[in-house]
2 protein chains.
Amino acid sequence: MEALIRRLQEFHVVEPLAVEAIEVAFTELTLPKYELLVEQGKTCRHLYFLEKGALRGFYTLDGKEVTHWFGFENDFVTSFHSFITQQSAVENIQLIEGSVLRAISKEQLTALLNRFPSVERLLRIAYENYYIRLEERYVNAHFRSAAERYEDLLARQPHIIERVPLGQIAAYLGITQETLSRVRSKY
Amino acid sequence: MEALIRRLQEFHVVEPLAVEAIEVAFTELTLPKYELLVEQGKTCRHLYFLEKGALRGFYTLDGKEVTHWFGFENDFVTSFHSFITQQSAVENIQLIEGSVLRAISKEQLTALLNRFPSVERLLRIAYENYYIRLEERYVNAHFRSAAERYEDLLARQPHIIERVPLGQIAAYLGITQETLSRVRSKY
DNA sequence: GTTGGGCTTTGACAAAAGTCAAATTACAGT
DNA sequence: ACTGTAATTTGACTTTTGTCAAAGCCCAAC
């Protein structure tokens, strides 16, 4: 639990009463590898904090799974579009390792926001952070070659290599597995 | 001014007192074509609402300007990374038409957020919306061919074709001008 | 109407990445 | 240690996109 609170306070420090309420609102759950947290077509009703483990987001395209995103320790994860609009999700989120998570429902989050303006502020700041990160990823995907993006990934998240199969990393980078394999063979 | 308030209330309705304060905080400015709203290397101190006109965000890469984004009527625009962190911007924002804008400074925005929890909520919801839109753009850029993305763009923002030179649209789609021209020649 | 500069198209070729198939390697379960 | 499956690499070939250069087109200024 401390990890979650610590991560939240990196965005914005809130009063003890709010911390308590947050602690109560999040439920711990331990799930095995391959478990689906979010399923295409279903509505995603929770926001998760990944305390330990790893997971991926993927689409199905022409019958193939295309991973477009990974989450690791201390990440907040959900299918944003689905969680926010409460419409059905267009992606799947699946554990790629046995993981420990904390979950909060949309309703509980709304209740927290109504009760504590400080939590509203925290969430606003969290969005700012996540928005900037996404923007960076977007620009990278747009303006850099496969090789550059791979080196970037290695520099930022070296652990990803040991924890995720190559095909999924390739999809994340927006290239095929074979191309990535060739990029790697040239160091 | 009504356009700005109307757009804001689409996110979240706030009390009259907050509306008044928002109206006071935003300054109207009219600027000519080619004017730079944000300059690479300088800190972006304002958030803008584009009331009338059009603009683009661009990077310089190997001495060339690469447009990665457009803004039109009723868009909120700023160099997010720079505005939020108050570090120097990595991109430029330039008017591509003479435009009417409303600007609010970082300090004024912070003051509004401290005074009105309802504005904090409004901003949080605005971020949710903008985050989802960016995510969509990201997935599109990642998983669709040049031709598909062009058709998408035509469907969503048909006016862009008349208002923006082809080379900039191509950059926005992540392809060269020549490739886009060839895509178009096949209807 | 002519001129000149930006914008767009076209052509020829090069480079990057994709596809399909086969070969190799890694590794979990027995 | 052996086996079988999944993951990764390699090869041959195709498709897509990029690059560079040369027209062609549009339109505003003279």
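What you see below is based on every heavy atom in this structure, not just the backbone, and it leaves out hydrogens, waters and symmetry mates.
Relative orientation of the Phe76(B) and Tyr130(B) rings is perpendicular, given thresholds of 30° and 60° on the angle between their planes.
Residue Pro165(A) places its side chain closer to dA7(D) than to any other of dA7(D), dT19(D), dG18(C). Here the nucleotide nearest the side chain of Arg184(A), chosen from dG18(D), dA21(C), dT8(D), is dT8(D). Of the candidate nucleotides dA7(D), dG18(C), dT10(C), dG18(C) has the atom lying nearest to any side-chain atom of Thr179(A).
Residues that satisfy the side-chain hydrogen bond (donor to acceptor under 3.5 Å, both in side chains) test with Arg137(B), not counting sequence neighbours, are Tyr138(A).
Salt-bridge formation is detected for the pair Arg7(B)/Glu10(B): a Lys NZ or Arg NE/NH1/NH2 atom is positioned less than 4.0 Å from an Asp or Glu carboxylate oxygen. A salt bridge links Arg102(B) to Glu28(B): one of the charged nitrogens lies within less than 4.0 Å of a carboxylate oxygen.
Sorted by first then second residue, the salt bridge (Lys or Arg N to Asp or Glu O under 4.0 Å) pairs that include residues 104-116 of chain A, not counting sequence neighbours, number zero.
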Verdict with supporting geometry, Tyr172(A) and Phe70(A), ring pair (Phe, Tyr, Trp, His ring centres under 6.0 Å): CA-CA 8 Å; Tyr172(A) 172 71; Phe70(A) 296 102; 5.4 Å; yes

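Rounded to whole Å, atom C1' of dC27(D) lies 17 Å from atom CD of Glu162(B). The distance between atom CD of Gln168(A) and atom C1' of dT8(D), rounded to the nearest whole Å, is 14 Å. The CD1 atom of Ile175(B) sits 21 Å away from the P atom of dA15(C) (whole-angstrom rounding). Put simply, CZ on Arg182(A) is 10 Å from C1' on dT19(C), counting in whole angstrom units. Computed from coordinates, the Tyr150(B) OH to dT17(D) C1' distance equals 17 Å when rounded to whole Å. One interatomic measurement links the two molecules: CG of Leu166(A) to P of dT10(D), which rounds to 12 Å at whole-angstrom precision. Rounded to an integer number of Å, the gap from Glu178(B) CD to dT8(C) C1' is 10 Å. The distance from atom CG of Leu180(B) to atom P of dG18(D) is 10 Å, rounded to the nearest whole Å.
A rotation axis mapping the C1' atoms of four pairs onto the next four is fitted at both ends of the helix from dG1(C)-dC30(D) to dT30(C)-dA1(D) over five pairs, and the angle between these axes is 40° to 10 degrees.
A donor and an acceptor atom never sit less than 3.5 Å apart when one is taken from the side chain of Gln177(B) and the other from the base of dC7(C).
The shortest side-chain heavy-atom distance between Leu31(A) and Leu37(A) falls under the 4.5 Å cut-off.
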